[in-house]
Amino acid sequence: MREDCDDEFDEYAHEDILQALVRHLLTSDELDQLCDDADLPQLTHSDGQPVTITSARTYRDAGVLTLDRGVWLELSDGSVFGLTVQISRRPTGEVTLSRH
């Protein structure tokens, strides 16, 4: 690992980094803008207002005693979605973290 990298990521496993990335991506911009960027239709309430992400919480073990990590998304229409980060194979070589 580069010496100028923060110590906060020294012990991060792949699934922790991916979990943090998913949570950041889904909360860094409005849901309607993310849909536009992905060329997907926007979710809207019956009054025409866009559905928004009201909460994004990370979780460990997906509630089933596994090593999986994930993100729970609560939307303004009352729906809740769980996105799971599942690791099926760990890297066999050395992996380093670096900031660009």
Side-chain angles (χ1 to χ4, degrees):
M1 177 175 285
R2 291 182 2 191
E3 290 181 27
D4 64 338
C5 205
D6 294 339
D7 290 337
E8 69 179 301
F9 294 108
D10 281 347
E11 299 300 319
Y12 264 56
H14 285 70
E15 57 268 22
D16 292 327
I17 291 173
L18 292 172
Q19 178 189 40
L21 178 64
V22 167
R23 183 172 185 260
H24 175 77
L25 286 173
L26 292 174
T27 57
S28 64
D29 210 346
E30 295 296 321
L31 185 57
D32 58 336
Q33 183 61 48
L34 290 171
C35 288
D36 282 347
D37 293 345
D39 198 26
L40 295 170
Q42 295 178 0
L43 298 171
T44 56
H45 292 283
S46 59
D47 62 2
Q49 293 297 312
V51 172
T52 60
I53 297 173
T54 58
S55 172
R57 297 176 286 119
T58 57
Y59 63 85
R60 289 182 177 255
D61 88 13
V64 291
L65 302 175
T66 68
L67 297 178
D68 296 341
R69 307 289 200 279
V71 178
W72 281 114
L73 297 174
E74 296 179 16
L75 302 182
S76 60
D77 66 354
S79 58
V80 178
F81 294 89
L83 304 173
T84 301
V85 176
Q86 184 178 29
I87 304 299
S88 60
R89 184 179 66 82
R90 303 287 297 176
T92 55
E94 182 177 328
V95 177
T96 59
L97 301 175
S98 63
R99 291 186 187 269
H100 292 277

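This is a predicted model, so every value here is computed, not measured.
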If you measure from [atom1] on [X] to [atom2] on [Y], what distance do you get to the nearest 0.5 Å?
X	Y	atom1	atom2	answer
R23	T58	CZ	OG1	6.0 Å
Q42	Q33	CD	CD	8.5 Å
L31	T54	CG	OG1	10.5 Å

[X]: which residues meet the side-chain hydrogen bond (donor to acceptor under 3.5 Å, both in side chains) condition with it, sequence neighbours left out?
X	result
E30	none
H45	S76
Q49	none

Just to verify, what does D39 make a side chain to side chain contact (heavy atoms under 4.5 Å, CB included) with, not counting sequence neighbours?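 Listed in chain order: nothing, the list is empty.
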Applying side chain to side chain contact (heavy atoms under 4.5 Å, CB included), name anything that partners L26, two or more places apart in sequence or on another chain.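 Expected list: V22, L34, I53, L73, L83.
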Cluster question for you: counting only ILVMFWY and a side-chain heavy-atom cut-off of under 4.5 Å, with indirect links fine, are F81 and W72 together?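 Different clusters: F81 never reaches W72 through Ile, Leu, Val, Met, Phe, Trp or Tyr contacts under 4.5 Å.
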Can you run down the salt bridge (Lys or Arg N to Asp or Glu O under 4.0 Å) pairs that involve residues 74-84, sequence neighbours left out, and say none if there aren't any?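 As it turns out, the salt bridge (Lys or Arg N to Asp or Glu O under 4.0 Å) pairs with a partner in residues 74-84, which skip direct neighbours, are R57-E74.
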Taking only residues at least two apart or on different chains, which pairs with a member in residues 42-53 satisfy salt bridge (Lys or Arg N to Asp or Glu O under 4.0 Å)?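 Those involving residues 42-53 do not exist here.
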Between S79 (side chain) and L75 (backbone), is there a donor-acceptor pair under 3.5 Å?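 No.
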How is the hydrophobic cluster of L21 composed, in terms of its other members, when Ile, Leu, Val, Met, Phe, Trp and Tyr link through side-chain heavy atoms under 4.5 Å apart, directly or indirectly?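 Its cluster partners, ordered by chain and number, are L25.
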